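Below you'll find the structure, written out as structure tokens, and then a few comments.
Just so we're clear, the structure is a prediction, and the values are computed from it rather than from any experiment. Just so we're on the same page: letters track the sequence lines, and every chain starts at 1.
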Amino acid sequence: QVQLQESGPGLVKPSETLSLTCTVSTGSISGYYWTWIRQSPAKGLEWIGYVHSIGSTHYNPSLSSRVTISLDTSGNQFSLKLKSVTAADTAVYYCARSLWGYAFDLWGQGTMITVSS
Amino acid sequence: DTVMTQSPLSLPVTPGEPASISCRSSQSLLHTNGHNYLDWYLQKPGQSPQLLIYEASNRASGAPDRFSGSGSGTDFTLKISRVEAEDVGVYYCMQGLQTPYTFGQGTKLEIK
């Protein structure tokens with residue numbers, strides 16, 4: 001059974017770059033949209049963006065100047081980089097899978113990221 | 001961005017009774033292909049969200065058949081025919097018609 005697992009630093013200093021990785025446990029990355037979503041008390045659930053298995057990407061305009069999502073097909077992983085973080089980026093970050101872009105049928109357990117000095 | 005508004009925000013329900021959650025979008029979610037791009041998710045306590053319904057009325061794989069979705073355009077409803085204790089959590093609608101995809105603020109279902 002396919003599972004997703006996020007990994008990341010837990011704590012990031014303001015102005016630094018947040019880097020997260022999502023590992024796809026089994027199966028192929030091909031044919032899916034691989035997505036990052038975050039959840040905070042202030043903003044609720046927020047779609048960050050996706051990378052498709054062919055390499056195309058699409059980001060939330062509110063974050064697009066700071067975010068990069070990329071694929072590592074050899075490692076069955078995809079990653080999120082968010083630069084110049086502030087306290088407003090403190091949230092639980094989830095990776096998720098979709099066949100069509102929406103309808104996320106598989107989620108990781110989430111990883112809490114705190115931005116603080 | 002499309003704004004998603006859910007009601008009620010809190011929903012106490014007696015086990016075995018039906019429940020209904022409303023979701024309204026600021027723009028129509030009806031595509032020219034006839035599909036409404038509206039998902040429903042349930043986030044159980046301490047867990048990640050899980051997909052219940054996609055395209056307004058299609059039950060996701062593994063979702064119990066007591067869950068059903070309906071609606072078109074800007075008004076949508078999630079119905080639970082008979083609430084069970086395991087249905088507690090926060091329910092979210094999400095529009096998938098236009099990026100950025102956007103979620104409702106959530107409806108917390110609790111057992112009376």
Side-chain angles (χ1 to χ4, degrees), chain A residues 1-7 20 22 24-25 27 32-52 56-67 69 82 91-113, chain B residues 1-7 9-10 23 25 27 29-31 33-63 67 69 76 78 89-108:
Chain A
Q1 171 167 337
V2 183
Q3 292 184 325
L4 303 181
Q5 179 68 58
E6 305 91 348
S7 56
L20 296 175
C22 183
V24 183
S25 62
Y32 291 99
Y33 293 84
W34 300 97
T35 299
W36 288 96
I37 293 163
R38 67 183 183 180
Q39 184 174 31
S40 65
K43 292 190 172 182
L45 287 162
E46 181 179 25
W47 178 82
I48 298 171
Y50 64 64
V51 57
H52 189 268
S56 59
T57 55
H58 201 85
Y59 303 134
N60 191 321
S62 68
L63 298 168
S64 61
S65 63
R66 299 193 291 131
V67 70
I69 299 175
L82 182 66
V92 176
Y93 285 74
Y94 295 100
C95 57
R97 182 187 78 173
S98 166
L99 263 177
W100 307 297
Y102 57 96
F104 310 116
D105 67 337
L106 186 64
W107 295 64
Q109 67 184 27
T111 186
M112 179 69 207
I113 298 297
Chain B
D1 297 359
T2 301
V3 177
M4 308 299 292
T5 304
Q6 293 181 227
S7 63
L9 299 185
S10 179
C23 176
S25 59
Q27 303 176 52
L29 303 184
L30 178 62
H31 193 276
N33 63 12
H35 293 229
N36 284 278
Y37 288 89
L38 188 284
D39 300 337
W40 288 99
Y41 297 88
L42 164 59
Q43 187 171 30
K44 295 183 178 181
Q47 297 185 18
S48 309
Q50 59 188 82
L51 180 65
L52 293 175
I53 302 287
Y54 64 94
E55 293 176 10
S57 61
N58 295 299
R59 202 176 303 114
S61 175
F67 292 95
F76 300 90
L78 176 70
V90 182
Y91 291 79
Y92 296 94
C93 59
M94 187 203 85
Q95 67 83 16
L97 180 65
Q98 293 181 331
T99 58
Y101 303 138
T102 47
F103 293 84
Q105 70 271 58
T107 295
K108 186 173 184 178

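- The side chain to side chain donor-acceptor pair (under 3.5 Å) check on B:Thr99 picks up A:His58, with sequence neighbours excluded.
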Please determine whether side-chain contact (heavy atoms from CB on, under 4.5 Å) holds for the pair A:Ile37 and B:Phe103, giving the CA-CA distance in whole Å, both sets of side-chain angles, and the decisive distance to 0.1 Å. CA-CA 11 Å; A:Ile37 293 163; B:Phe103 293 84; 4.3 Å; yes
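- When the shell of 6.0 Å around NZ of B:Lys44 is examined, it contains more than 12 heavy atoms from other residues, nucleotides or ligands.
- By the 4.5 Å heavy-atom criterion applied to side chains, A:Tyr94 and B:Pro49 are counted as neighbours.
- Using a 4.5 Å cut-off between heavy atoms, B:Gln43 touches chain A through its side chain atoms alone.
- Of the possible polar contacts, none joining the A:Tyr102 side chain to the B:Met94 backbone as a donor-acceptor pair under 3.5 Å is found.
- Listed by first and then second residue, the side-chain hydrogen bond (donor to acceptor under 3.5 Å, both in side chains) pairs involving residues 41-51 of chain A are A:Arg38-A:Glu46 (not counting sequence neighbours).
- If you measure heavy-atom distances from B:Tyr92 to chain A, the contacts under 4.5 Å come from the side chain alone.
- Considering every non-hydrogen atom in both B:Ser48 and A:Gly110, the closest pair reads OG-N, 4.3 Å.
- Checked against side chain to side chain donor-acceptor pair (under 3.5 Å), A:Ser98 has no partners two or more places apart in sequence or in another chain.
- For the atom pair OH of B:Tyr101 and CD1 of A:Ile48, the computed distance is 14.5 Å after rounding to the nearest 0.5 Å.
- Within residues 51-61 of chain B, the residues approaching chain A closer than 4.5 Å by heavy atoms are, in numerical order, B:Leu51, B:Tyr54, B:Glu55.
- Contact tally against chain B (heavy-atom pairs below 4.5 Å) for A:Gly108, A:Ala103, A:Gly44: the top residue is A:Ala103.
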